2 protein chains.
Amino acid sequence: MRKEASRATGRPTLAEVAQLAGVSQITASRALRDVPTVDPVLASKVREASKALGYVPNPAARTLASARSQSVVVLVPALSNQLFIETLEAIHNVLRPRGYDVLIGNFHYSREEEEELIRNYLAIQPCGILLTGFDRTEVSLRLLEANKIPCVHMMELTKAEDVFSVGFSQEEAGAVVARHLLARGRRRLAYVAAQLDTRVIRRGEGFKRALAAAGVEALELAVPDPSSVGLGGELFDRLLRRHPDVDGIFFCNDDLAHGAIFEAQRQGISVPGRVAFVGFNDLPMSAHIVPRLTSIHTPREDVGKHAAHLMLTLLAGAEVRDRKIDLGFELVVRESS
Amino acid sequence: MRKEASRATGRPTLAEVAQLAGVSQITASRALRDVPTVDPVLASKVREASKALGYVPNPAARTLASARSQSVVVLVPALSNQLFIETLEAIHNVLRPRGYDVLIGNFHYSREEEEELIRNYLAIQPCGILLTGFDRTEVSLRLLEANKIPCVHMMELTKAEDVFSVGFSQEEAGAVVARHLLARGRRRLAYVAAQLDTRVIRRGEGFKRALAAAGVEALELAVPDPSSVGLGGELFDRLLRRHPDVDGIFFCNDDLAHGAIFEAQRQGISVPGRVAFVGFNDLPMSAHIVPRLTSIHTPREDVGKHAAHLMLTLLAGAEVRDRKIDLGFELVVRESS
DNA sequence: CCTCTTCAAGATAGCGCTGTCTCATCCGCT
DNA sequence: AGCGGATGAGACAGCGCTATCTTGAAGAGG
C-alpha cells in the first residue's frame, strides 16, 4: 500500500506508471512533462506505460508541488454582452486542448470588482492571466506584478513596450467611421454611447478627432448605463429632440444601433434617408436587420485566439516576436449608411 | 524554516495561523471550515488570527488532502448562443462568493464532446457538476455515477426520482403557444426549428400535441443547423413557398423569429396581419423589434440561480426538499401575434 | 590511462492541507 | 464515589506530484 497505490479515485498514479516503465518516479514525471534531459528511449517507455494504464495527472498535486496551477484566468467586463463570448470561446478552444483550465471572471465593468477577482484568483496560483484593456487599479497592477504572472491584454493596444497586448486601435476605428459618414455627405454627426469604458471613450475620441480634422463639429450623447437595445431607442429619441437636424450617428455598439433602428421605424424616420446609422462590433443580427446596419467588424474571435496563443508562448518560456498584435478591424458598409 | 514557514508565494500558511491563535494546525483547519466540534472560543481566535495574517487557504493543498476540489463544473451545449450566458452568470454569482470556482465546458451540442469533457474535468475532482438536460452517452452516465459527484440537471425536468433537476416543462411551453395561436383564430400553424436538441424537440411535441387535441394539423420545418438570425429568414422563406397559406408560426428560438421578421419585412408580408409569429426564450431584442415579438419567457437566470443553490445544498450534505424545481415560464404576448 | 567535465537518472524532501485515530477531559448516572 | 460515554483537541500520516541536490556514467583532453 505504498509506492504503487492507486489514488483514492481509483485512477493510477505516477508511481505506477514509473514502475511499469521501469524507471524512477521523477523520471516518469519529467518524461510526461517533456523535460528535454530525458533519454528518448525512456521517455517513450514512460509514455507507453502511461497510456496503458490510462494515467491522468492529478492537477492538485502538480499545483501543490510546483506552486503553479494549470489554470489560466480570463477577466472580462461583462458576459451578458454578446461581445466577449466569442473571445472567451476562442480562448477555451485554444487552451483546453493543451490541458489548461480556463477560469472566467466577470468584473461587471468595475475596477474594484476586478481587483477583488484578481486577489481571489491569485489564490489558485494561475499560470497566466488574460485581461481586458489596461484600465485597472494601482493595487491590481501591483498584485499582478508581485506575483510575476504572465499577462496578456486584450481588445486595446498600448505604446508601452514591456506589455503584451492583442487587439486593434479603437481610435482608428472611430476615425474610419467618421470619414465614412463624411464621405457620404453627412455633416451633422453624433456619437451615441453607453457603458463608458475606456474603449468606448477612445472610439469616440477617434471619431471626434477625425471630424474636427475635417472642420466638422461632433454632437455627443453619452450615458454610463449598460448598453442595450432598449437604451438605443431611447437615446436616439433623445438625440433627435435635441438635434432634429442630425443626419449621421455613430453608435458605440451595435445593440444601441439596433434599438435606434426600431425606434426610427416606429417614428417613421427613414434610415438612411434622413439619418445614417453606423454601429460597432458587427453583431450577427446587423447583417439582417432592416435596414442592414453598417458597422465596424471587430476581430473578437481572433483576439481570443491570438491572446491564447501568445499566452501559450509565454508559458512555454519561448521568445515572443511581437509583444503587440494589431488585428485591425473592418468597416462593413451596408444599407443603413 | 519548518512549521511557521510562509508559502512560496509569500502568503501565510495554516500553520502560522494556528501558531498565532495558539492552537494546533488541525484545529485551525477545522475552525476555518466551520467544523462544529470546535470550541467557539478557539474558533473565533483562529478566525481573528486568520484575518490578522490575511490568510488565504491554498486550494491545491486542500484538494490534494481531501481528494475533492472546490470547483464546480458547468457543462453547456453552446456559448455563442445568448441563451446560456445568463444562466452561467447566475451560477457564477451564487457560487463564486462561496469560494467555489466555476469551470465552464462547452460541448457544442455533441454528446461525444460532452463525454470527453466529463472525462477530462473529472481529473480535477470537482465537487459538483451542473449539466444541461438529460441526453448523454452511457459512458458519461457511468463516469458520473462511478465518481459519485453531485449532479444537478438544468433546463428540463424528468420524472425520475433520484435525479436533481431545475427547469420547466418544454412540452407545456409548446402547448401554451399552440393554444395561444389557436385562440387568435389561426389554423394553418407551423413549427419552425433548428438545432434539434431534446429541448427543441420536446417543445415541438408539446406544440403539435396541443394542436392535434384541437383537431388541427401541424406543419413543420426542422433543420439540424445551429439557430441563427440568418437561418430564421431562410426557413421562413422556405416555409412560405411550401405552404403559402400558413397563418401562424412557432419558432423554437427567438433569433429564428427575428430573422423571419426581417425577411417578412423585406417581402412586404404583414406580421401579424398575414402570419402571426411566436418565438421562444424572450431575448432582450424581442421587446423592441418591429413588430414586438410574442415569446415564451424562460427563466434562464433563475435556472442558474436555483441550480447553484441546489448544488450548495447538496455540497453541504443537507436534506433536499425538492429534487425537482419547476420554475415555469411565461407567455409574453406582444404585437407579432 | 587517468583525471576533469558534462549530463542524465535517482534519492530525498517537501508543497499545505485534511482524514483518521488517539487521548484527555468532563458530564451524568448508578 | 466511581464508571462509562460523550465531546473536543491533538498527533500522525499522508494526498500525488515536482524542485533540488546528489550520484554515477560517459566523454574529452592531456
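Not measured: the values here are computed from a predicted model. Below, chain A is the first sequence line, B the second, and so on; all start at residue 1.
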Short heteroatom pairs, N/O only, protein and nucleotides 4-6 of chain C, under 3.5 Å:
none

Send over the distance from Gln25(B) CD to dA13(D) C1', rounded to a whole Å. 12 Å
Not counting sequence neighbours, which residues clear side chain to side chain contact (heavy atoms under 4.5 Å, CB included) with Glu301(A)? List them please. Ala90(A)
For Arg30(B), which residues count as a salt bridge (charged side-chain N to carboxylate O under 4.0 Å, His left out) partner, sequence neighbours excluded? none
Please table the atom pairs, donor to acceptor, closer than 3.5 Å between any side-chain atom in residues 36-50 of chain B and protein atoms at least two apart or in another chain.
from, atom 1, to, atom 2, distance (Å)
Asp39(B), OD1, Val41(B), N, 2.9
Ser44(B), OG, Val41(B), O, 3.0

Extract all donor-acceptor atom pairs below 3.5 Å that involve side chains of residues 302-327 of chain B and protein atoms in other chains or at least two apart in sequence.
from, atom 1, to, atom 2, distance (Å)
His306(B), ND1, Asp302(B), O, 3.0
Thr313(B), OG1, His309(B), O, 2.9
Asp326(B), OD1, Gly328(B), N, 2.9

List the residues meeting side chain to side chain donor-acceptor pair (under 3.5 Å) with Gln70(A), not counting sequence neighbours, and say none if there are none. none
Who are the side chain to side chain contact (heavy atoms under 4.5 Å, CB included) partners of Ile85(B), not counting sequence neighbours? Leu79(A), Ile85(A), Leu79(B)
Judged by each residue's nearest nucleotide on DNA chain D, which is more toward the 5′ side, Leu64(B) or Ser24(B)? Ser24(B)
Helical bend (five base pairs per end, nearest 10°) for the helix from dC1(C)-dG30(D) to dT30(C)-dA1(D): 40°
Sorted by chain and number, sequence neighbours left out, side chain to side chain donor-acceptor pair (under 3.5 Å) with Thr63(B) holds for none
Partner set under side chain to side chain donor-acceptor pair (under 3.5 Å) for Thr137(B), not counting sequence neighbours: Glu115(B), Ser140(B)
Residues Pro12(B) and Leu53(B): closest non-hydrogen pair is CG-O, 3.3 Å
Taking atom C1' of dG10(D) as reference, at what distance in whole Å does atom CG of Leu14(B) sit? 13 Å
Measure the distance from CZ on Arg62(A) to P on dC15(D) and round it to the nearest whole Å. 18 Å
Who pairs with Leu75(A) by side chain to side chain contact (heavy atoms under 4.5 Å, CB included), at least two apart in sequence or on another chain? Val73(A), Phe107(A), Glu114(A), Leu117(A), Ile118(A), Tyr121(A), Leu131(A)
Counting only heavy atoms and a strict 4.0 angstrom limit, can you tell me which residues of residues 26-50 of chain A come near DNA chain D? Ile26(A), Ser29(A), Arg30(A), Arg33(A)
